[in-house]
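To start, the structure under review is shown below, and the notes come after it.
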Amino acid sequence: MIKIENLGYSYSQSGGVSALRRIDLEICEGEFIALIGPSGCGKTTLAKCLNGILTPSCGQVLIDGLNTASKEAKWTIRQQVGIVFAHSENQLIGGTVEEDIAFGLENIGMEPSLMRQRIDETLGLLSLEEYRDFPPHLLSDGQKQVVAIAGVLAFHPKYLVLDRATELLDPGAQRRVLEIVQRLNRKGMTILLITHSMEEIFLAQRVVVMDQGKKILEGEAKEIFAHPIVEGLGLSPPLSFRFITSLRQRGLDVSEDTMMSTEGVLKAICP
Amino acid sequence: MSIVIENLSFVYNEGTPFEVWALKEIDLRIEDGESIGIIGPNGSGKSTLAQHLHGLFKPTKGRVLIGDREPVGIHPGVGFVFQSAEDQFFARTVHEEMQLGYQNFGLSQDQFKDKALEALEMVGLSADIFLRSPHSLSDGEKRRVAVAMTLILGPKTLILDEPTLGLDPLNAKKILEGTKKLNHEKGVTFILISHRMEEILEYCSRVLVMDRGKIIGDGPPQDLFIQEIETLIRLGMEPPWLVRFLTGFKAKGYNIKYKTLNPEEISKGVLEALQG
Ligand SMILES: Nc1ncnc2c1ncn2[C@@H]1O[C@H](COP(=O)(O)OP(=O)(O)OP(=O)(O)O)[C@@H](O)[C@H]1O
Ligand SMILES: Nc1ncnc2c1ncn2[C@@H]1O[C@H](COP(=O)(O)OP(=O)(O)OP(=O)(O)O)[C@@H](O)[C@H]1O
Ligand SMILES: [Mg+2]
Ligand SMILES: [Mg+2]
C-alpha cells in the first residue's frame with residue numbers, strides 16, 4: 001500500500017511557494033486511480049515524491065511501510081514504483097531499443113537470463129520487436145515514448161505511475177497501452193494514471209482531483225463532474241458522458257458504465 | 001499565399017542502414033485561408049511534411065512552392081510553432097524573450113509593444129505576464145507565450161505541430177480558439193497537427209490523413225471520419241466517440257440529422273429516430 005500522509009513540498013527555486021500542501025491519500029494494492037487537475041497543480045511533484053526523486057518538505061510517503069525519505073529504502077522503492085513521465089522519450093540512452101531497455105534492468109542488478117526474458121516479453125507486449133536493433137534517436141517522438149514505457153514495464157513494478165505518459169502516442173497506440181495497463185491491473189498491478197484526458201479517467205475506480213497543491217475532491221469519475229468546482233477548473237466531462245447523461249434525462253435506460261464503448265450504448269437503446 | 005507540393009519525397013539518413021523515406025511522392029495544394037488538420041500514426045511523416053511547408057527542409061525529390069516560389073530557407077510569411085518551442089526560452093522576462101524573437105526577424109521596433117499585447121491577448125494572456133520570467137510560467141502559459149511569439153510576426157500561414165500536447169483542457173482551448181480566430185477573421189491559413197480527433201473536427205474544415213509517408217485521405221473531417229471509419233480505425237486514428245456512435249446507429253438503420261457534434265442535439269435526434 002502507498003500511504004501519503006500530510007505531504008507538503010516546496011521547490012526552493014520558486015520562492016518557497018508550496019507545490020503540495022497537506023495531502024493525505026492512500027492507494028491500496030491492486031487499485032486503479034486517476035489523478036487530474038489543472039496544469040501546475042502539483043501532479044508531477046506528487047509523482048516524484050512516490051519513488052523518492054523528491055523528498056517531502058513535510059509529512060511522509062510510505063511504500064509498503066518503507067519511508068521514501070530513508071536512504072536505505074530508496075533502492076527497494078525504485079524497484080517497486082515505476083514512473084513514466086510525459087517526456088521520458090528524451091531520456092533514452094541505449095544504442096538500440098533493446099539496449100535501452102536492458103540498461104535499466106542491468107542497473108537494478110537483474111540476472112542476464114531473466115533480463116533476456118523480460119526484454120523479449122516487453123518488446124512483444126508493446127509490438128516493438130521490429131525495432132529491437134533500431135537506434136532510438138532515429139524514431140519519431142511517439143515511437144520513442146513507447147520505448148520509454150517498455151523500459152519501465154520490463155521492471156514489473158508493483159506500483160505503476162503514468163504521468164501523462166501516453167500523450168505523445170497516436171490514438172491507436174494510446175488505446176493499446178491503456179489496454180495493457182488495464183490487463184496488468186487485473187493481474188494485480190496498482191496503477192496511478194495522471195492525465196488531462198477526461199475520457200481516460202473512466203478507466204479508474206477512483207479519481208482524485210487536485211488544485212493549487214491540494215487534494216480537493218475524490219470519487220468515481222461519473223460523480224466528480226457533478227461538482228461545480230470541477231467545471232470551474234475547466235475540467236468538463238467528455239462529449240460521450242454528456243451524451244449519455246442527456247439520453248438518460250430523456251428517459252432512456254443507459255448506464256454511465258457503458259460509456260467507454262459505443263456498442264454498449266447501442267445495445268442498450270436499440271430494440 | 002497558396003502552398004503547392006509536387007511529387008515531394010524526403011529521405012532521412014540516405015545511404016545508411018537507417019535510411020527512412022519519411023515522405024513518398026506527395027502532391028498537395030493548400031489554398032489561402034484554409035483550415036487544415038493533419039492526422040496519422042506516430043512516424044507517418046506529419047512533422048516532416050510540416051517542416052517542408054515553411055521551407056526548413058529541402059525536398060529530396062519534387063518541389064514545394066510557397067506563394068508560387070520555392071522558398072530559400074525559412075519563409076517569413078509562415079509561422080511555425082514547434083512542439084516544445086518553450087524549451088528554448090532563455091531571456092529574463094517574457095518581454096525580452098518576445099522582443100528578441102521579434103528582432104531576429106528584422107522587424108521594426110516601433111510597433112512591437114502593441115503587436116505583442118495583441119498577440120498575447122489572442123491566446124488569453126494579459127500584459128501582466130510581460131514582467132515575469134519565462135521560466136516561472138506554468139506549462140500552459142509557456143506554450144501560449146510561444147504561440148504569441150509566432151503570432152506577433154503576422155504570419156499569413158500558421159502551422160501548429162501538436163500545440164495542445166501536455167496542456168489541460170482549459171489551456172488547450174485557449175490556444176486553439178485564439179489561433180483559429182486569426183483564420184476566421186484575417187484569413188490566415190491554419191494548419192494543425194494533432195492526435196486529438198475532437199480538435200480536428202472542431203477547428204478544421206479539411207483533414208489530411210497520413211500513413212507511412214503518404215497522404216491517404218483528404219476531405220472535410222465530418223464526412224471523412226464517417227466514410228473512412230474503417231481505414232481510420234485500422235490506422236489507430238479512432239474518430240471521436242460520437243462519430244463512432246453515429247456510424248453504429250446508422251448501421252442499425254437509423255439516420256439522424258445534426259449540424260454539429262453537440263451531444264444534447266444528437267441525443268434529441270436519437271430519441272426522435274427511435275420513436276420513428
Ligand atoms: N523544478 C521546479 N522548480 C521550481 N518550481 C517548480 C519546479 N517544478 C515545478 N514547479 C512548480 O510547482 C508547481 C507544481 O508543478 P507540477 O509540475 O507538479 O504541476 P503538474 O500538475 O504536473 O502540471 P502539468 O499538468 O502541467 O504537468 C507549479 O507551480 C510549478 O511551476
Ligand atoms: N531526425 C531524424 N532522423 C532520422 N529519421 C527520422 C528523423 N525524424 C524522423 N525520422 C523518421 O521519419 C519518419 C517520419 O517521422 P515524423 O517525425 O515526420 O513522424 P510524425 O508523423 O510527426 O510522428 P509523431 O506522431 O510521433 O510525431 C519516422 O519513421 C521517423 O522514424
Ligand atoms: Mg506534470
Ligand atoms: Mg511529429
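All values below were derived from every heavy atom in this structure, side-chain atoms included, with hydrogens, water molecules and symmetry-related copies excluded. So that the names make sense, note that chain A is the first sequence line, chain B the second, and so on, each numbered from 1.
- Contact annotation for B:Lys173: neither backbone nor side-chain heavy atoms come within less than 4.5 Å of a heavy atom of chain A.
- The NE2 atom of A:His137 sits 8.0 Å away from the CZ atom of B:Phe18 when rounded to the nearest 0.5 Å.
- For the atom pair OG1 of A:Thr262 and CH2 of B:Trp241, the computed distance is 6.5 Å after rounding to the nearest 0.5 Å.
- Shown here for B:Phe245 and A:Ile269, the closest heavy-atom pair between the two residues is CZ-CD1, 3.8 Å.
- For the atom pair A:Met198 CE and B:Asp168 CG, the distance stands at 8.0 Å (nearest 0.5 Å).
- Of all heavy-atom pairs spanning B:Lys252 and A:Cys270, the tightest one is CD-SG, 3.5 Å.
- A:Arg206 CZ: more than 12 foreign heavy atoms inside a 6.0 Å radius.
- Residue-environment remark: NZ (B:Lys58) exceeds the threshold of 12 foreign heavy atoms within 6.0 Å.
- When the candidates A:Leu266, A:Leu239, A:Leu139 are compared by the number of heavy-atom contacts under 4.5 Å with chain B, A:Leu266 comes out ahead.
- Within 6.0 Å of atom CZ in B:Arg92, 12 or fewer heavy atoms from other residues, nucleotides or ligands are found, so the atom counts as exposed in its surroundings.
- Heavy atoms closer than 4.5 Å to chain A are found nowhere in B:Leu232, neither backbone nor side chain.
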Next item on the list: Begin with the C-alpha distance, continue with both residues' side-chain angles, and end with the deciding distance and a verdict on side-chain contact (heavy atoms from CB on, under 4.5 Å) for A:Glu199 and B:Glu198.
Entry: CA-CA 12 Å; A:Glu199 294 199 359; B:Glu198 281 78 7; 4.0 Å; yes

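- Of the atoms belonging to A:Leu247, heavy atoms from both backbone and side chain fall under 4.5 Å from chain B.
- Rounded to the nearest 0.5 angstrom, A:Asp170 CG and B:Ser194 OG are separated by 11.5 Å.
- The main-chain N or O of B:Leu165 is never found under 3.5 Å from a side-chain atom of A:Glu167 such that the two would form a donor-acceptor pair.
- Among A:Pro38, A:Ser197, A:Ser39, A:Gly172, the residue making the largest number of heavy-atom pairs under 4.5 Å with chain B is A:Ser39.
- Applying a 4.5 Å heavy-atom cutoff, the residues of residues 221-237 of chain A that approach chain B are A:Leu233, A:Gly234, A:Leu235.
- Scanning both residues, A:Pro171 and B:Met237, for their nearest heavy atoms gives CD-CE, 3.4 Å.
- Within the 4.5 angstrom heavy-atom criterion, atoms from both the backbone and the side chain of A:Leu169 approach chain B.
- In plain terms, the two heavy atoms of A:Phe243 and B:Ile266 that are nearest each other are CE1-CG2, 3.6 Å.
- Shown here is B:Glu230, whose CD atom has no more than 12 heavy atoms of other residues, nucleotides or ligands within 6.0 Å.
- Here A:Leu252 contributes atom CG and B:Ser267 contributes atom OG; the two are 8.0 Å apart, rounded to the nearest 0.5 Å.
- With a threshold of 4.5 angstrom between heavy atoms, A:Ile36 does not approach chain B through any atom at all.
- Looking only at side-chain heavy atoms (C-beta outward), B:Val20 and A:Leu138 stay at 4.5 Å or farther from each other.
- If you measure heavy-atom distances from A:Ser140 to chain B, the contacts under 4.5 Å come from the side chain alone.
- With a 4.5 angstrom heavy-atom cutoff, A:Arg164 touches chain B only via side-chain atoms.
- Other residues, nucleotides and ligands contribute only 12 or fewer heavy atoms inside 6.0 Å of the CG atom of A:Asp253.
- Counting heavy atoms of neighbouring residues, nucleotides and ligands inside a 6.0 Å radius, atom CD of A:Gln212 does not exceed 12 of them.
- Interface remark: B:Glu141 contributes no atoms to any contact with chain A (heavy atom separation under 4.5 Å).
- Only the side chain of B:Leu271 comes within contact range of chain A, judged by heavy atoms closer than 4.5 Å.
- Of the listed residues (B:Thr247, B:Leu235, B:Asn171, B:Leu167), the one with the most heavy-atom contacts under 4.5 Å to chain A is B:Leu167.
- Proximity to chain B is limited to the side chain of A:Arg175, based on heavy atoms less than 4.5 angstrom apart.
- A 6.0 Å sphere centred on NZ of B:Lys268 holds no more than 12 heavy atoms belonging to other residues, nucleotides or ligands.
- Of all the heavy atoms in B:Asn42 and A:Gln143, the pair that sits closest is O-NE2, 3.9 Å.
- A 6.0 Å sphere centred on CD of A:Glu129 holds more than 12 heavy atoms belonging to other residues, nucleotides or ligands.
- When heavy atoms are compared at a cutoff of 4.5 Å, B:Tyr254 approaches chain A solely by way of its side chain, counted from C-beta outward.
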